[in-house]
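One structure is given below, encoded as structure tokens.
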Protein chains: 2
Amino acid sequence: MKILVVEDDDLISDAIVEYLSDQHYAVEAAYDGQSAWDLLEVFTYDLIVLDVMLPKMDGIVLCRKLRNKGMDIPILMLTARDTLENKIEGLDAGADDYLVKPFELEELSARIRALFRRGGSTTAPILTWEKLSLNPSTCEVFYQDKELALSPKEYKLLEFFLRNGRRVFSRAQILEHLWSFEQVPEEATVKAHIRGLRQKLESVGAPSNLIETVYGLGYRLGEEP
Amino acid sequence: MKILVVEDDDLISDAIVEYLSDQHYAVEAAYDGQSAWDLLEVFTYDLIVLDVMLPKMDGIVLCRKLRNKGMDIPILMLTARDTLENKIEGLDAGADDYLVKPFELEELSARIRALFRRGGSTTAPILTWEKLSLNPSTCEVFYQDKELALSPKEYKLLEFFLRNGRRVFSRAQILEHLWSFEQVPEEATVKAHIRGLRQKLESVGAPSNLIETVYGLGYRLGEEP
DNA sequence: CTTCTACTACCAAAATTTTCATATTCTACC
DNA sequence: GGTAGAATATGAAAATTTTGGTAGTAGAAG
């Protein structure tokens with residue numbers, strides 16, 4: 001499951017991102033309304049944690065814009081004060097739930113799970129592509145019936161592709177999404193992991209183009225011939 | 001067995017939680033109706049001790065909502081006064097039993113046991129995995145026919161895994177689930193308990209991968225080769 | 001007072017991640 | 001077609017992270 005955290009306070013944002021990452025969610029952060037909007041136009045998320053007070057575009061406006069666009073992704077609003085008008089405003093704008101700062105991370109997590117569950121009966125949490133399947137809760141990956149033993153980075157890399165369909169990602173993009181700001185390595189690292197992943201995939205009989213290179217642009221999931 | 005205690009009076013709640021914990025139940029507390037609802041949507045409990053008077057959503061409403069949702073978990077209602085209308089209202093809402101404050105903790109415990117027995121024939125309270133079985137009511141753990149003598153923390157750790165199938169948990173997550181907020185120790189502690197558990201498991205012939213490490217991600221129950 | 005348990009610290013081993021040097025492949029242009 | 005130049009693949013070594021084991025202290029329980 002992929003979550004976008006939109007919160008301008010670094011301390012709070014980092015705390016949320018770290019906590020949710022520990023729970024094996026794929027988490028990304030945006031620090032103002034405009035860049036959140038940009039991300040949401042390009043990527044697919046399963047849930048948004050959205051602060052109300054934001055630079056450039058506040059959470060209420062962003063929420064309304066998303067709903068007007070027909071996006072029904074679950075939105076969990078964060079706000080500094082628990083006034084009735086705040087609450088009404090947030091829920092009217094289309095938020096699904098509402099949490100008042102300061103809050104316990106555990107409560108945030110519980111509400112996130114509740115939101116997933118609410119719309120959850122239809123959505124299968126298992127990601128698949130061709131004969132490949134990945135179960136995020138058990139961290140198991142199968143090709144047909146054979147289990148793959150992936151390293152953490154290989155696992156996250158594959159999960160990233162699986163969550164983004166057939167989109168092409170450059171090595172720079174992959175670095176941005178899978179590594180945290182503090183320690184971003186060289187692009188050669190991505191090459192190495194792509195290689196590891198391909199090797200392990202081929203060792204269980206997957207076609208070599210399952211992770212396809214698009215010359216000059218990057219990598220993407222490939223279709224069976 | 002896992003019990004949720006929903007009671008807004010700290011003194012009463014703490015007393016109940018402590019008493020039931022002493023009886024080896026896994027107990028969690030909620031202090032208003034809404035958060036109880038959230039917890040119930042996410043976690044699995046075997047019984048609810050539910051106060052009628054609650055902030056945000058009273059016990060009657062919560063009880064009715066649960067039953068409407070098709071949850072048939074046993075509910076033991078607590079109320080301040082023994083009026084007939086209270087009683088009728090509670091049982092109509094779907095409560096299984098009824099206790100009037102003030103009450104003796106011993107009586108509460110007796111009624112809980114009675115409720116467990118009532119629905120007991122259908123539900124299997126014994127948790128199992130491969131050749132491992134854990135009886136939460138007696139706190140006995142067996143591997144095949146051999147009994148394991150576990151320390152309390154080791155026991156809770158194993159019970160936690162057994163209740164969550166094959167999910168992967170990081171050490172941070174394990175800390176959050178098995179320790180209370182006040183005193184969360186270092187992650188090294190989890191390592192120590194994992195080790196203790198593995199040693200005792202191996203000493204009765206269990207395979208070493210029964211508690212499996214997923215490098216960089218955490219631990220989970222492992223499958224027999 | 002003794003015994004058991006929980007917690008922490010430290011080190012060695014294992015696994016993974018990263019980097020670098022080199023070979024191969026691809027594209028565009030002549 | 002053939003070739004220069006860029007991009008990617010490959011292989012292996014270095015650096016880092018993660019984990020398992022030992023030991024020792026503090027504190028609670030009996």
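Chain letters run A, B, ... following the sequence lines, proteins first, then strands; residues in each count from 1.
Atom NZ in A:K200 sits roughly 16 Å away from atom P in D:dT10 (whole-Å rounding). For the pair A:H193 NE2 and D:dT17 C1', the interatomic distance rounds to 12 Å; values are reported in whole Å. For A:E186 and C:dT17, the CD to C1' distance is 13 Å, given to the nearest whole Å. Distance, A:W179 CH2 to C:dT19 C1': 13 Å, rounded to whole Å. As a whole-Å value, the separation of B:K156 NZ from C:dA6 P is 11 Å. Spacing between atom CZ of A:R198 and atom C1' of D:dA9 amounts to 8 Å, rounded to whole angstrom units. One can place NZ of A:K191 at 11 Å from C1' of C:dA21, the figure rounded to the nearest angstrom. Atom CD in A:E187 sits about 9 Å away from atom P in D:dT8, given to the nearest Å.
Between C:dT16, C:dT19, D:dA9, one nucleotide has an atom nearer to the side chain of A:A188 than all others, and that is C:dT19. The listed nucleotides are D:dT19, C:dC7, D:dA9; the one nearest the side chain of A:Y219 is D:dA9. When each of C:dA6, C:dT19, D:dT17 is scored by its nearest atom to the side-chain atoms of B:S151, the top-ranked nucleotide is C:dA6. With distances taken from any side-chain atom of B:R195 to the nucleotides D:dT22, D:dG11, C:dT19, the minimum falls on D:dT22. Distances were taken from every side-chain heavy atom of A:P152 (C-beta onward) to each of D:dT8, C:dT17, C:dC7; the shortest belongs to C:dT17. Of the candidates D:dG20, C:dC7, D:dA9, the closest approach to any side-chain atom of B:A192 belongs to C:dC7.
When the side-chain nitrogen and oxygen atoms of A:R171 are compared with OP1 and OP2 of D:dT8, one or more of them lie within a distance under 4.0 Å.
Here the rule is side chain to side chain contact (heavy atoms under 4.5 Å, CB included) with B:R111, and of B:V49, B:D96, B:L99 only B:L99 fits it.
In this structure, A:E187 does not pair ionically with A:K191, as no charged nitrogen and carboxylate oxygen lie closer than 4.0 Å.
Each of B:A149 and B:V190 was assigned the nucleotide of DNA chain C with the nearest heavy atom; the assignment lying further toward the 5' end belongs to B:A149.
The base of C:dA28 lies outside donor-acceptor range of the side chain of A:Y215, with no N or O pair under 3.5 Å.
Among the atoms of the strands shown, only primed sugar atoms or phosphate atoms (P, OP1, OP2) are found under 4.0 Å from some heavy atom of A:T213.
Taking a 6.0 Å sphere around CD of B:E18, one finds it holds 12 or fewer heavy atoms contributed by other residues, nucleotides or ligands. Within 6.0 Å of the CE atom in A:M53, the count of heavy atoms belonging to other residues, nucleotides or ligands does not exceed 12.
Judged by distance alone, with hydrogens and angles left aside, the side-chain atoms of A:S13 form no donor-acceptor pair with the main-chain N or O of A:D9 at under 3.5 Å.
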